[in-house]
Amino acid sequence: MKQTAMNPSQKDWKKRVKRGLSRDKYLYAMFLPFFIYYVIFKYIPMTGLVIAFKDFKPGHGIYYGEWVGFRWFIQFFKSPYASRTIRNTVLISLYALIFGFPVPILFAICITEISHLKFRRIVQTASYLPHFISTVVLVGIIMNFFSMNNGIVNNIIEKLGGERINFLVNPRWFRTLYVGSGIWQSFGFNSIIYIAAITGIDPVLYEAAKIDGITKFKQAYLITIPMISTTIIVLFILQLGNIMSVGFEKVFLMYSPAVYETADVISTYIYRQGIESSSYSFAAAVGLFNSLINFLFVYTANRICRFTTNTSLW
Amino acid sequence: MKQKVRDTDFVYNVFTYLIAAIALVITLYPFLYIIAASFSGSQEIYRGEVYLWPVNPTLSGYRQVLSQKGLWTAYGNTLFYTIVGTAFNLAATTIASYPLSKKSFSGRRFCNFFIAFTMYFSGGLIPTYLLITHLGFYNTRWVMIIPSLLSTYNVMVCRSAFSNIPDEISESAQIDGASDWKIFSRIAVHLITPTLAVLTLYYAVGHWNDFMTPLLYISDNNLMPMQVLLRRVLIQSSSELMDIGGSTDDRAAISIQIRYVTIVVATLPILASYPLLQRYFVQGVMLGAVKG
């Protein structure tokens, strides 16, 4: 029997907690080891961020160091690396968004229009394939396909009468390769959710439009897209929220000092400073800056999402 | 008017089939080239003679790569980390998410917030790195398993699955005298097998492709998984999977052939099992989309 008081006194509150604990003790026992896991591997690193304000020296505890306040933050923002890494991070994310976002949608619309079932299934299955190769293999393929002397891409270019291009050493090509390969790898898998949304559209709408003599082009434009607009908007806003977080692995595998100018992003800069150069405090400071900005963007994106469409991540 | 509609519809159809065909070619051609190159003679690849079909077919590349002990050590490590790691993941995810799925659990709100918060804010690379090395995980097998024990997203998916089980079932089991643990292990877990299949897949692929953890925390070659070996061979042009000897020109050509062979050897298991598992991946996407 539940006890609801208008003004719960201290005693009642403690009693309720005790009762809850004893009634659910096995459930708490089940969760406890993983609570500890989260504390150790997720929350303690958060507290470890204090070294961003200290002068950390390895070989002592993880909180060691004399207090230096905002020194590292000022150092970062005064250096040319701040503008370079932030610019590259934002540009790569934006390119991926502008060029990459529409592709799965267009592909989904095309695929659902194909009436020949066997062909459709073959194309769909093939489109998921690139999603399963690991980042290392993907970059390995890029490095070898686009290589100056032996890459198949340059071979074809030369066969067609053009001049070989040194893709991998030229900073101008990095973003194109990065974003392009990303689209290649993900358009099929990302189209799944759009295809599901499209197949969920009530066929009655199409039938009614057909009676009025609508063309298929108009049909896609006036019916299909508006009906899946919620899905599109939600996914768009969520991707926008991730604009300041470009994944470390792929850039790290693809870049080289020759292309740092366009390839070096915040996460790779943190890695080089922290892990390779052991400037732990400095890297932690940059990392903290990145985490906070990220949190801000994702949180804002989520609010906008919830505000405009009644759906969100939560 | 009707004829005009039929005409533009025809154009539209041509358009759609064209796009689909282009998608097919773009997706499949790289794989076909890689396979063709792996079976081609090293000089032929080097001279750029291979486009779609193997030229001067040979198994010498495969013979070399498959006879290297380093390859099998790496493969064995990857298999170990994937199988053991995924087993730990599944056990942890199911046990952790079960209490969270019970509406009557008094710690529900707190625990849900506790784990959800970690999805939005984290300590970042450096503090995590310092902690894990400080705890003594460097160069151990456990570092590939314990730090990545739980994925909060997967815990939420599992929690959703558990909460879809009708209360009547656990209530009647309770009346029969079953403890929470018994209800969990004997009943609940068996009722969410499709979700468990998807989670197994996600965790397994995560372990198989994990490159960052070994990069940061492992330097011993005996513990190194496939992905690190692949990076050395494919991106840093290491010649560790080649036979010794031969002129420098030969070696340059063979090195390229070896790389394509390595890609095939490393990716084949994934691509071969893919058609069987495709269904679960698609399911997994939908699971994430429809949040409970």
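The chains referred to below are lettered A, B, ... by the order of the sequence lines, with proteins before strands, and numbering in each begins at 1.
Heavy atoms of A:Tyr280 lying under 4.5 Å from chain B belong to its backbone as well as its side chain. Heavy atoms closer than 4.5 Å to chain B are found in both the backbone and the side chain of A:Ile114. Using a 4.5 Å cut-off between heavy atoms, B:Leu150 touches chain A through backbone and side chain atoms alike. Only the side chain of B:Leu271 comes within contact range of chain A, judged by heavy atoms closer than 4.5 Å. Interface residue B:Phe114: backbone and side-chain heavy atoms are both found under 4.5 Å from chain A. Only the side chain of B:Leu135 comes within contact range of chain A, with at least one heavy atom under 4.5 Å from a heavy atom of that chain. In this structure, the portions of B:Thr8 lying under 4.5 Å from any heavy atom of chain A include both its backbone and its side chain. Only the side chain of B:Ile19 comes within less than 4.5 Å of a heavy atom in chain A; its backbone stays farther off. Heavy atoms closer than 4.5 Å to chain B are found nowhere in A:Lys218, neither backbone nor side chain. Heavy-atom distances place the backbone of A:Ile214, and not its side chain, under 4.5 Å from chain B. Residue contact with chain B, scored on non-hydrogen atoms closer than 4.5 Å, involves the backbone and the side chain of A:Met30 alike. For chain A, the nearby part of B:Val50 is the backbone; its heavy atoms alone come within less than 4.5 Å. The contact between B:Ile115 and chain A is made by backbone and side chain atoms together, counting heavy-atom distances below 4.5 Å. For B:Phe10, no part lies under 4.5 angstrom from a heavy atom of chain A. Contact annotation for B:Ser101: neither backbone nor side-chain heavy atoms come within less than 4.5 Å of a heavy atom of chain A. Within the 4.5 angstrom heavy-atom criterion, atoms from both the backbone and the side chain of A:Leu49 approach chain B. With a threshold of 4.5 angstrom between heavy atoms, A:Ala126 approaches chain B through its backbone and through its side chain. If you measure heavy-atom distances from B:Ser179 to chain A, you find no contacts under 4.5 Å at all. The parts of A:Ile40 that come within reach of chain B are both its backbone and its side chain, each placing non-hydrogen atoms under 4.5 angstrom from that chain. In this structure, the portion of B:Leu28 lying under 4.5 Å from any heavy atom of chain A is its side chain and not its backbone. The parts of A:Tyr28 that come within reach of chain B are both its backbone and its side chain, each placing non-hydrogen atoms under 4.5 angstrom from that chain. Proximity to chain B (any heavy atom under 4.5 Å) is shown, for A:Thr135, by neither the backbone nor the side chain. If you measure heavy-atom distances from B:Ile126 to chain A, the contacts under 4.5 Å come from the side chain alone. Both the backbone and the side chain of A:Phe35 come within contact range of chain B, judged by heavy atoms closer than 4.5 Å. For a residue to count as touching a neighbouring chain, one of its non-hydrogen atoms must lie under 4.5 Å from one of that chain's; by this rule B:Ile26 touches chain A with backbone and side chain alike. Using a 4.5 Å cut-off between heavy atoms, A:Ser267 makes no contact with chain B at all.
Across all their heavy atoms, B:Asn89 and B:Ser148 have their closest contact at ND2-O, 3.1 Å.
Checked against a 6.0 Å centroid threshold, the rings of A:Phe119 and B:Tyr17 count as neighbours.
Each of A:Phe34, A:Tyr128, A:Phe187, A:Tyr26 has some count of heavy-atom pairs under 4.5 Å with chain B, and the biggest count is that of A:Phe34. Most heavy-atom pairs under 4.5 Å with chain B, from the set A:Val139, A:Ile192, A:Thr125: that is A:Thr125.
Under the 30°/60° scheme for interplanar angles, the aromatic rings of A:Tyr271 and A:Phe248 are found to be tilted. Ring geometry, B:Phe121 versus A:Phe295: the interplanar angle exceeds 60°, so the pair is classed perpendicular (tilted spans 30 to 60°).
Using modelled atom types and a 3.5 Å distance limit, the side chains of B:Arg47 and A:Asn150 yield no donor-acceptor pair.
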